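Owing to the predicted nature of the structure, the values given are computational and were not obtained by experimental measurement.
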Amino acid sequence: MANKYEDSGVSVERGYETISRIKKHIHQTINKGVMSDVGSFGSLFDLGQYNYKHPVLVSGTDGVGTKLLIAQKANKHHTIGIDLVAMCVNDIVTTGAEPLFFLDYIASGYTDPKVIEEIVEGISVGCIASGAALVGGETAEMPGMYQKKHYDLAGYVTGVVEKEKIISNEGMTKDQLIVGLASSGIHSNGYSLVRKIFFEDYHYNLEDYIEALDAKLQDVLLEPTRIYVKSILALIKEVNVTGIAHITGGGFIENIPRALKEGYSFSIDKNKVPVKPIFKVMQQLGQIEEDDMYNIFNMGIGMVVVIDKNDLEKTLTILKAFGEEPYVIGKIIESKDWELI
């Protein structure tokens with residue numbers, strides 16, 4: 001008996017429908033460098049359209065971890081696409097890079113064109129928010145590798161920065177200020193612990209309303225990661241920023257040191273951190289030590305910048321103009337050890 005591809009669980013027709021559905025979302029992200037349309041074997045991008053004297057390309061790749069499992073359980077797939085872009089573009093903007101183009105990889109056990117469209121629509125929203133063009137990607141249907149309603153995502157972004165304007169910590173000095181930009185929530189890190197606390201330890205349902213959060217649990221857990229690109233790019237044009245850290249997995253304790261000059265560390269005043277209710281609820285339910293919370297989650301701060309005291313007023317004005325909620329949460333110290341006070 002002759003076999004067809006469909007007999008293996010892979011549908012060419014669903015693949016065609018998926019491409020047809022996502023094209024309109026991809027086209028909304030086109031910027032001046034895009035040279036090729038969806039479907040090419042390789043995506044062409046004309047860097048000559050950008051006026052850089054000595055362009056340096058900056059690349060990053062990331063995923064959204066087990067937050068995917070919550071999106072799949074809730075059957076809500078739009079915000080997870082925004083998360084995917086945010087995790088990548090927020091990383092590269094710490095160098096001063098302007099995102100140029102983005103690619104995605106979606107692998108599933110069963111290609112549901114409606115679900116893939118919802119994901120790509122979210123990716124497109126994220127790309128528009130960061131200025132990146134969605135120039136291509138891969139949708140892989142792999143029955144046997146993934147369960148029918150499960151999928152995995154990965155993203156890749158390339159940006160560009162003028163060589164002489166790459167963010168450098170060479171000018172970092174003691175007592176410079178650490179300004180934190182408010183997060184939208186948990187963002188996309190620590191969800192293995194989030195799921196353990198809410199679903200394994202306390203058996204919550206996604207639809208449960210939690211009074212301390214004034215919201216349904218799924219709405220808080222699926223709040224998309226904030227994209228900081230435009231506000232950071234605007235800030236570094238006007239202010240000498242000596243360090244930028246994206247507060248992702250590892251929280252404050254792992255990520256802030258990545259932006260610091262050798263011989264320096266940080267002192268954070270926890271009373272100045274706008275801790276969101278979701279973190280307070282998780283800390284109480286999970287009986288988690290406070291320092292451990294700052295070593296896992298963003299605690300309400302998704303990005304930090306290091307500036308001189310004299311630039312504080314200008315920094316706050318610029319960030320607020322771009323819709324950010326900035327807080328002076330600490331300072332640079334000359335030490336090998338960090339402080340949470």
Side-chain angles (χ1 to χ4, degrees), residues 10-64 68 77-78 80-108 111-142 151-163 166 188 224-225 227 229-230 233:
V10 178
S11 171
V12 175
E13 293 302 321
R14 288 198 303 271
Y16 293 155
E17 181 185 347
T18 298
I19 295 299
S20 176
R21 282 175 172 269
I22 66 177
K23 275 188 174 182
K24 60 180 179 289
H25 302 295
I26 295 173
H27 287 160
Q28 293 177 26
T29 73
I30 290 175
N31 59 28
K32 61 185 178 182
V34 176
M35 296 179 63
S36 54
D37 200 0
V38 181
S40 301
F41 286 105
S43 300
L44 303 175
F45 194 90
D46 184 3
L47 189 57
Q49 294 296 319
Y50 294 76
N51 296 319
Y52 284 88
K53 295 179 181 178
H54 193 157
V56 175
L57 297 179
V58 184
S59 299
T61 186
D62 213 333
V64 294
L68 284 171
H77 313 281
H78 176 267
I80 211 76
I82 301 173
D83 285 315
L84 184 66
V85 178
M87 294 302 291
C88 295
V89 298
N90 284 344
D91 274 355
I92 70 164
V93 79
T94 63
T95 68
E98 171 189 5
L100 296 175
F101 57 84
F102 188 86
L103 295 98
D104 61 65
Y105 173 78
I106 307 173
S108 64
T111 299
D112 184 330
K114 292 181 180 179
V115 171
I116 302 299
E117 180 184 5
E118 196 174 337
I119 296 169
V120 174
E121 181 182 7
I123 292 172
S124 299
V125 168
C127 283
I128 292 169
S130 65
L134 179 55
V135 297
E138 166 70 0
T139 302
E141 188 171 38
M142 298 190 291
Y151 58 81
D152 196 9
L153 301 178
Y156 168 86
V157 67
T158 290
V160 63
V161 60
E162 195 73 70
K163 186 176 181 179
I166 295 172
S188 300
T225 305
I227 293 174
V229 169
K230 292 184 178 179
L233 291 179

Check [X] against [Y] and note the closest heavy-atom contact, atom names and distance.
X: Met142; Y: Ala107; value: CE-CB, 3.6 Å
X: Val160; Y: Pro55; value: CG2-CB, 3.6 Å
X: Thr225; Y: Ser188; value: OG1-OG, 2.9 Å

For the [atom1] atom of [X] and the [atom2] atom of [Y], what is their distance to the nearest 0.5 Å?
X: His54; Y: Lys163; atom1: NE2; atom2: NZ; answer: 4.5 Å
X: Met87; Y: Leu153; atom1: CE; atom2: CG; answer: 12.5 Å
X: Tyr105; Y: Asp152; atom1: OH; atom2: CG; answer: 8.0 Å
X: Glu162; Y: Asn51; atom1: CD; atom2: CG; answer: 9.5 Å
X: Ser130; Y: Ile82; atom1: OG; atom2: CD1; answer: 11.0 Å
X: Leu47; Y: Leu57; atom1: CG; atom2: CG; answer: 6.0 Å

Given the rule in the side chain to side chain contact (heavy atoms under 4.5 Å, CB included) test, do Tyr151 and Ile119 qualify, once you have shown the distances and angles that lead to the verdict? CA-CA 11 Å; Tyr151 58 81; Ile119 296 169; 3.7 Å; yes
Between Ser43 and Val135 (side chain of the first, backbone of the second, donor and acceptor by atom type, cut-off under 3.5 Å), is there such a pair? yes
Hey, is the main chain of Gly131 close enough, under 3.5 Å, to the side chain of Asn31 for a donor-acceptor pair?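 At least one qualifying donor-acceptor pair exists.
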Which of these, Val85, Asp104, Leu103, Ile30, sits in a side-chain contact (heavy atoms from CB on, under 4.5 Å) with Leu134? Asp104
Verdict with reasoning, Cys88 to Phe102, per side chain to side chain contact (heavy atoms under 4.5 Å, CB included): CA-CA 9 Å; Cys88 295; Phe102 188 86; 3.9 Å; yes
Between Ser124 and Thr29, a side-chain donor and acceptor under 3.5 Å: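 No pair is found: no donor N or O on one side chain lies under 3.5 Å from an acceptor on the other.
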Donor-acceptor pair between Glu117 and His25 side chains, under 3.5 angstrom: yes
Which residues pass the salt bridge (Lys or Arg N to Asp or Glu O under 4.0 Å) test with Asp83, not counting sequence neighbours?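 Testing Asp83 for salt bridge (Lys or Arg N to Asp or Glu O under 4.0 Å), a comparison that skips the adjacent residues, returns Lys67.
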Under the side-chain hydrogen bond (donor to acceptor under 3.5 Å, both in side chains) test, which residues partner His78, sequence neighbours left out?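 In terms of side-chain hydrogen bond (donor to acceptor under 3.5 Å, both in side chains), with neighbours along the sequence ignored, His78 is linked to no residue.
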Please report, to 0.1 Å, the donor-acceptor pairs under 3.5 Å made by any side chain of residues 90-101, with sequence neighbours excluded.
unit_1, atom_1, unit_2, atom_2, d
Asn90, OD1, Tyr228, N, 3.0
Asn90, ND2, Ala86, O, 3.3
Asn90, ND2, Arg226, O, 2.8
Asp91, OD1, His246, ND1, 2.7
Thr94, OG1, Asp91, O, 2.6
Thr95, OG1, Ile92, O, 2.7
Thr95, OG1, Ala97, N, 3.3
Glu98, OE1, Tyr52, OH, 2.7

Is the CG atom of Asp46 crowded by more than 12 outside heavy atoms at less than 6.0 Å?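 More than 12 heavy atoms, drawn from other residues, nucleotides or ligands, come within 6.0 Å of this atom.
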Got a sec: does the NZ of Lys32 have more than 12 other heavy atoms crowding it under 6.0 Å? yes
